[in-house]
Number of protein chains: 4
Amino acid sequence: MAARGINKVILVGNIGNEPEMRYMPNGNAVATVSLATSDTWKDKNTGEQQERTEWHRVVFFGKLAEIVGQYVHKGSKLYVEGRLQTRKWTDQQGVDRYSTEIIVDMGGTMQLLDSRQGGDAGGYQPPPQPYQQQAAAGNQYGGQPAPAQQPMQQPQNRPQQQPQQPAPNFDDFDDDIPF
Amino acid sequence: MAARGINKVILVGNIGNEPEMRYMPNGNAVATVSLATSDTWKDKNTGEQQERTEWHRVVFFGKLAEIVGQYVHKGSKLYVEGRLQTRKWTDQQGVDRYSTEIIVDMGGTMQLLDSRQGGDAGGYQPPPQPYQQQAAAGNQYGGQPAPAQQPMQQPQNRPQQQPQQPAPNFDDFDDDIPF
Amino acid sequence: MAARGINKVILVGNIGNEPEMRYMPNGNAVATVSLATSDTWKDKNTGEQQERTEWHRVVFFGKLAEIVGQYVHKGSKLYVEGRLQTRKWTDQQGVDRYSTEIIVDMGGTMQLLDSRQGGDAGGYQPPPQPYQQQAAAGNQYGGQPAPAQQPMQQPQNRPQQQPQQPAPNFDDFDDDIPF
Amino acid sequence: MAARGINKVILVGNIGNEPEMRYMPNGNAVATVSLATSDTWKDKNTGEQQERTEWHRVVFFGKLAEIVGQYVHKGSKLYVEGRLQTRKWTDQQGVDRYSTEIIVDMGGTMQLLDSRQGGDAGGYQPPPQPYQQQAAAGNQYGGQPAPAQQPMQQPQNRPQQQPQQPAPNFDDFDDDIPF
DNA sequence: TTTT
DNA sequence: TTTT
């Protein structure tokens, strides 16, 4: 993917929900999380400590989505590098709505900062296959509404392909170490 | 401004509009622009060249806003470093709406990449002097709706203070070189 | 500090040594650490897992140096944002030598990623109050030689002002939360 | 290439020399340039404008090196994203020496900011072929000594493969648009 | 709405 | 050695 211009987002923060998994018709995973960053400052007048939490909707594709689905949980601290993308959609009243997300695909990277884990899950994987549209479901966590516009599929559609929790064999990944 | 987590956006792209200037009650400037980045790729099936342009709503504050107001124009190429912020607002139907912007204030930086100009307008300078301000008006440019929430004033309210085009005196800035 | 051009380094990695503290004649702290990042890849021929660790010499100034001196230890995981600087010096044989460091001062930021701590120690705060310091020792880990070229002062000059380990009062910092 | 930790450098600046081209035994290009960034500040005492230029040795590999060789010239303004790497070598006196470079390969990106050109030459190309070691030659440009440690070959070894100036056929690249 |  |  070539590009004109630079579109880069770097976030470090904690995840506010369990990753929401979806699957493309071709089986490729998509994982969505809400990541929090916060600014703190002292009020000029009252001198009181203020804090504002920013919630970022982060969407992982491909291999990174697999890793997120397996190892990222509510409360996990992540380093994320992706790009900004604003999707336009139309709500039930026919009004144009916009949702901005941080896309993390093969051009981005991710790193789990929890525990004794870590490492880059950066991406130079072959590009994801295009796929076909389908169902939809809401996102209950994101700081922004996230109408279903991208096809998804329930995880149970492929339980045998990717065991949910403990990663028994990393051979599912094309690299020895997924992160 | 301390922070928990990292919230950083880096963009390089061209400006699609003349900067929209507003002024705070205390006189501080706010400049908003739309910055384009684009991805290009070859369609897997047709082999045709594809392109998707992403428009970013970038909001500059303080001294950087002044510089943008004076030197940035439709078509300008900019390097921008800021942070993501999503504002919530309620539309006329009482529906919650969200608008995500890249905020560039003293914690960010900007650089004009056009012409023989250039240089960093990054910000660790003492705060710009407050000056005059007034009314308010909507934003017609952003890729996303941007209801007027912050006080603003028409540029014509202060033409004598800040000449529009050729910068005759850099003494308006507290640094020798504004950018 | 204005600039022409962008000079930015972002690192996430673990610290290989106890921070080496120095103090300026005016009391400002300087903390130097060696931070490791590593690339791993599979050998094209043997198929064996390869790893190369890169050691980065990171130098913190001012308030960030204070925080590093108090809270960063061998093994700590850090997010660091600074700028590249290559110093030239002459060795005992009169040969020009160069040492490249990542400088983290008020234009940069740092974040401890260990434990339940975290938060940005980025810097737009007024300069930290000078205070006393203590020990000093060489760096056995850095990938590059680091001859003492900047003025320093023995730590014992200020022990009573800033207790070494557990931070009893964060009021020593001008922000409520140092990181 | 997976990684533990993040090692990222972002530079925007002008090139101080014509790119120095080398070629791997397998024909892969390597381009080295010196890129300048500078900080300016006002002297606290004299009030005079000060400037310090930092020179960065940037080494491009693969397709990006080809593009640099064709389109980058002395004075060109570049956006560069790469990683830090310090090489160790031994000088003629048997003393260990170090040279830090910014490596820009498939994990990095580059963008020409001159003229009406531009665009991302980012990298998701297939990994470069491993190659065999060979000859050596000095580097006359870098801000730091750069003893030959990597095999190279004189450009004249393949002049017929890659016409020097106007890019007649972009088919040499695996993308429609090289930048 | 910009750029190429 | 570049730029402004």
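Remember, it's a predicted structure, so these values are computed and weren't measured experimentally. A note on names: the letters A, B, ... follow the listed sequences, proteins ahead of strands, and every chain is numbered from 1.
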Whole-Å gap separating P (E/dT1) and CD (B/E20): 16 Å
Applying side-chain contact (heavy atoms from CB on, under 4.5 Å) to D/S38 and not counting sequence neighbours gives C/R4, D/E51, D/T53
In whole angstroms, how far is the P atom of E/dT1 from the NE2 atom of B/H56? 17 Å
Starting at OH of C/Y98 and ending at P of F/dT1, how long is that distance when rounded to a whole Å? 12 Å
Integer-rounded Å distance: E/dT2 C1' and B/E18 CD: 12 Å
Salt bridge D/E18-D/K74, side-chain N to carboxylate O under 4.0 Å: no
Between A/R97 and A/D91, is there a salt bridge with N-O shorter than 4.0 Å? yes
Distance in angstrom units between D/R52 CZ and F/dT2 P, rounded: 17 Å
Stacking check D/W55 vs F/dT1 (5.5 Å / 30 deg): yes
Reckon D/T53 touches a base, only the sugar-phosphate, or nothing at all at heavy-atom distances under 4.0 Å? base
By nearest atom, which of the nucleotides F/dT1, E/dT3, F/dT3 is closest to the B/E51 side chain? E/dT3
Send over the distance from D/D114 CG to F/dT3 P, rounded to a whole Å. 10 Å
Regarding F/dT4, can its base be found pairing with the side chain of D/T40 as donor and acceptor, where the two atoms are less than 3.5 Å apart? no
For B/H56 and B/T37, which I'm curious about, is there any donor-acceptor pair between the side chains at under 3.5 Å? yes
Could you give the CD1-to-P distance, from B/I15 to E/dT4, as a whole number of Å? 14 Å
Nucleotide nearest C/R4 when distance is taken to its side chain, options F/dT1, E/dT3, F/dT4: F/dT4
For D/E54, enumerate each residue passing the salt bridge (Lys or Arg N to Asp or Glu O under 4.0 Å) test, keeping only those at least two apart in sequence or located in another chain. D/R52
Find the distance D/Q49:CD to F/dT4:C1' and express it as a whole number of Å. 11 Å
From C-beta outward on D/K74, which listed nucleotide comes closest to its side chain: E/dT1, F/dT1, E/dT4? F/dT1
